[in-house]
Undergrad: 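Sending over a structure as structure tokens; questions will come in a sec.
Because the structure is predicted, anything quoted here is derived from the model rather than measured. Counting starts at 1 for both ligands and their atoms, following the listed order.
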Amino acid sequence: PTLEKELVPLYFGWFVMKRDEDTLRKTSHDFLEQLSNFKPFRKRLQEYGYEDKHKLDLLKYFGKTPNILHCTTKYCDYGKVAGSEEYAKMEAVKKGYSKAYILHITALFVTPRTAGARVELTEEQLTLWPQDAEKEVMPKDTFPKGSRAHITLGTAADVQDVQTGIDLLEFIKLQQSGGEKEDLGEICGGKIYYYENGMWMLNLSRKIEVKTIFSGYYG
Ligand code: A2P
């Protein structure tokens, strides 16, 4: 028997394995580079605090990138966050811990705050998704379970990683209300859409699959 009780991690999530992580970072790099040079993007730079028609280097703008690319399921802060002990004790979490999963990325997005990848979870993966993940950050709205699932690719100066999932829900909210997005053609193997307030989304014509391990991050 161990002397200490089990530790709750900083967060639980799917961690992208090295080879796929390198590829995903490269895909993100290409997307940010191409979007920076994309005329319709350069015409709408005010939301980024730049003058229109100038060039904004998004690679520099999103200078902060996570050490390990991952899709957070539950942020626990070592047990301080409400519901984290319960989450850690869930049967699905215990069973899934240290197992391999393939995540499907369906879109890449950029806002004046964050750059991220939208993740579409399978039924099995949804068993690891907390019931209240969406309500936690947008209590007034209703979303299909798993809507917040994402991989943070980069954040602007002074922006926390947690913002990426909130930005993604903002996109989904706009999609739910229908209409406002503008189809601006194809770049980087997908269709690029402009929403509003500096929000851009690239819907990939082929989903990107990444190999991951479900685990806890202890810092
Ligand atoms: P994300 O999952 O969007 O990348 P930190 O470095 O700030 O301690 O965060 C560690 C990880 O946990 C990050 O990946 C971050 O965001 C995620 N995270 C931080 N705070 C929260 C929160 N309140 N809810 C959900 N995820 C969070």
Undergrad: State whether the number of non-hydrogen atoms from other residues, nucleotides or ligands found under 6.0 Å of K99 atom NZ is greater than 12.
TA: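 Enclosed: over 12 neighbouring heavy atoms sit under 6.0 Å from NZ of K99.
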Undergrad: If you measure from the Lys or Arg side-chain nitrogens to the Asp or Glu carboxylate oxygens, is any gap between E91 and K95 under 4.0 Å?
TA: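 Salt bridge absent between E91 and K95.
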Undergrad: Please tabulate protein-ligand N/O pairs under 3.5 Å for ligand 1, atom names and distances to 0.1 Å.
TA:
residue  : atom   : partner : partner atom : Å
ligand 1 : 2 (O)  : T72     : OG1          : 2.6
ligand 1 : 3 (O)  : H150    : NE2          : 2.6
ligand 1 : 3 (O)  : T152    : OG1          : 3.1
ligand 1 : 3 (O)  : D161    : O            : 2.8
ligand 1 : 4 (O)  : T152    : OG1          : 2.6
ligand 1 : 14 (O) : H70     : NE2          : 2.5
ligand 1 : 14 (O) : T72     : OG1          : 3.3
ligand 1 : 16 (O) : V162    : N            : 3.4
ligand 1 : 24 (N) : R148    : NH2          : 3.2

Undergrad: Determine which pairs satisfy salt bridge (Lys or Arg N to Asp or Glu O under 4.0 Å) with at least one residue from residues 106-115, sequence neighbours left out, and list them in order.
TA: R113-D167
Undergrad: K173: what forms a salt bridge (charged side-chain N to carboxylate O under 4.0 Å, His left out) with it, not counting sequence neighbours?
TA: D141
Undergrad: Give a yes or no on whether a salt bridge exists between E123 and K145, defined as a side-chain N under 4.0 angstrom from a carboxylate O.
TA: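 Salt bridge between E123 and K145, a charged N being under 4.0 Å from a carboxylate O: no.
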Undergrad: Could you list the residues that satisfy side chain to side chain contact (heavy atoms under 4.5 Å, CB included) with D183, not counting sequence neighbours?
TA: K191, Y193
